[in-house]
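Remarks on the structure that follows.
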Amino acid sequence: MNNKEAILSEYGLNSNEAMLKPFGTGHINSTFLVTIKTTGEQFILQSININVFKKPEIIAQNVKHVADFLAEKYPDYLFIKAIKTVSGEEMAVLDGVYWRLTQFVRNSVSFDTLTEPNQAYEAALQFGRLNKLLSDFDASKLKETIPGFHDLELRYNQFSDALDSASDEVKKHAEKEINTALHYRFILDYFNSIKNSPELPDRAMHHDTKISNMLFDRDSVKGICVIDLDTLMAGKFISDLGDMMRTYLCAFSENEADISKITIRIEYFEAIVKGYLHEMGSILSPLEKELILFSGKYLIYMQAIRFLSDYLNGNVYYPISYPEQNLHRTKNQFKLLAELFDNEKTLVGLVNKCLNEHDSRV
Ligand code: ADP
Ligand code: GN1
Ligand code: MG
């Protein structure tokens, strides 16, 4: 980073006293841990990826709206809002790059995979709590930070476009995954049949509940807070619950290339549903409750076709460390999806058990 001094001075920080270190495993933004040598204070500094977020000021406005709402109604809730620049702005803009500073949550850790069902319960509880606290927030106040972000039809059309423009050689390589994507189109058809139902309302959703976007306490399995609020906007609850299934059910992450390792852990499924219902069980509509298992299918299918489209497009969106990585990620996600279908009966049984337990508690 060549303008460290200018960026830090926007926040009244002295660059001679600050140490910056790249941090985390996120795909989208560039994240640094800032440590002030003299005081030991720590911050998270991020530059927003403007290829992905064309209007970063929308992120800043959305986060501010929600932060103001939560601070007034739930002042004890830990919500990681932006620290203002010395001139009072939510972000610092330098040479067209948008920077955001937030508090660093001490004694926290984030994971790419989970090792205990209790962690899945905690994470689902935390993301569910955010959904619940925002259930009476007017989600229409939030603008889209990425238009059509979780619109499965748009994602499918983007996949079709990628297919049209890919070379024969690339298509040959991905032939099996392309056919799998076409095979599962019924997930899109089903989504389209329900998406406008009044029983599937737009709510303020996080839209990126993957496990690395949850901070846990280092010394216990307790969840501390959610992070990565760039996609906090109006959407369907299936986005948030589905991404939990996508990233907590398997012991290996989306980057695991040995597909034989991609299996689901039933006890983690139960933990997710229990944790989420603990917060959202009394808020979800009957239709939403029927869609609990569908949420995983919807989200995993969408992620698979997003990775596949990126592979067909020449890997322009997701960072890769080797050429075939997005194809391997696609195979990984399709295996995960197949696992949901193969275990359908057990999973439906667990959903019903969790719903009954929830109903008998309230
Ligand atoms: P990306 O959009 O690239 O995924 P994130 O906002 O998720 O960026 O940040 C990347 C990583 O940085 C997180 O997975 C987490 O490990 C760490 N991180 C981000 N914000 C904080 C914070 N406020 N406190 C502690 N760690 C954080
Ligand atoms: C990206 O920013 P990060 O790494 O938490 C992506 C998500 C995908 C995820 C797949 C803005 O999330 O939608 O599900 O990668 N975020 C954006 O790992 O595209
Ligand atoms: Mg992230």
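Remember, it's 1-based here, ligands and their atoms both numbered in the order they're listed. Computation of the quantities below employed the complete heavy-atom set of this structure, encompassing side-chain atoms and omitting hydrogens, waters and symmetry-equivalent molecules. Quick caveat, the model's predicted, so the values are computed rather than measured. The first residue of the sequence shown is numbered 1, and numbering continues consecutively from there.
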Part of [X] within contact of ligand 1 (heavy atoms, under 4.0 Å):
X      : value
Asp208 : neither
Asp228 : both
Asn29  : both
Leu215 : side chain
Gln46  : side chain

Contact (N/O only, under 3.5 Å) between Thr25 and ligand 1: no

Should Gln103 be counted as touching ligand 1, given the test is an N or O pair under 3.5 Å? yes

Considering only the protein, which heavy-atom contact is closest to [atom], and what is its distance?
atom                    : result
atom 13 (C) of ligand 1 : Ile227 CD1, 3.5 Å
atom 24 (N) of ligand 1 : Val105 N, 3.0 Å
atom 21 (C) of ligand 1 : Ile44 CG1, 3.5 Å

Looking at [X], which atoms of ligand 2 are within less than 4.0 Å of one of its heavy atoms?
X      : value
Tyr317 : 11 (C), 17 (C), 19 (O)
Gly26  : 4 (O)
Asp228 : 2 (O), 3 (P), 5 (O)
Phe53  : 11 (C)
Asn213 : 5 (O)

Under 6.0 Å between the ring centres of Phe111 and Phe216? yes

Tell me the nearest of [options] to [atom], using heavy-atom distances.
atom                    : options                        : value
atom 15 (O) of ligand 2 : Gln333, Arg246, His207, His27  : His27
atom 1 (C) of ligand 2  : Ile28, Asn29, Thr231, Thr145   : Ile28
atom 6 (C) of ligand 2  : Lys210, Met302, Arg306, Arg329 : Arg306
atom 14 (O) of ligand 1 : Ser212, Ser30, Gly24           : Ser212

Checking the N or O distance criterion of under 3.5 Å, is ligand 2 in contact with [X]?
X      : answer
Tyr318 : no
Ser212 : no
Asp243 : no

Do you see a donor-acceptor pair shorter than 3.5 Å between the side chains of Asn29 and Asn49? no

Atom name of the N, O or S atom in Asp228 that lies nearest to the Mg ion (ligand 3): OD2

Can Ile146 be said to touch ligand 2, with heavy atoms closer than 4.0 Å? yes

Ligand 1 to Phe23, heavy atom cutoff 4.0 Å, flagged ligand atoms 12 (O), 17 (C), 26 (N)

When Thr231, Val52, Leu232 are each screened for side-chain contact (heavy atoms from CB on, under 4.5 Å) with Thr145, the one that passes is Thr231

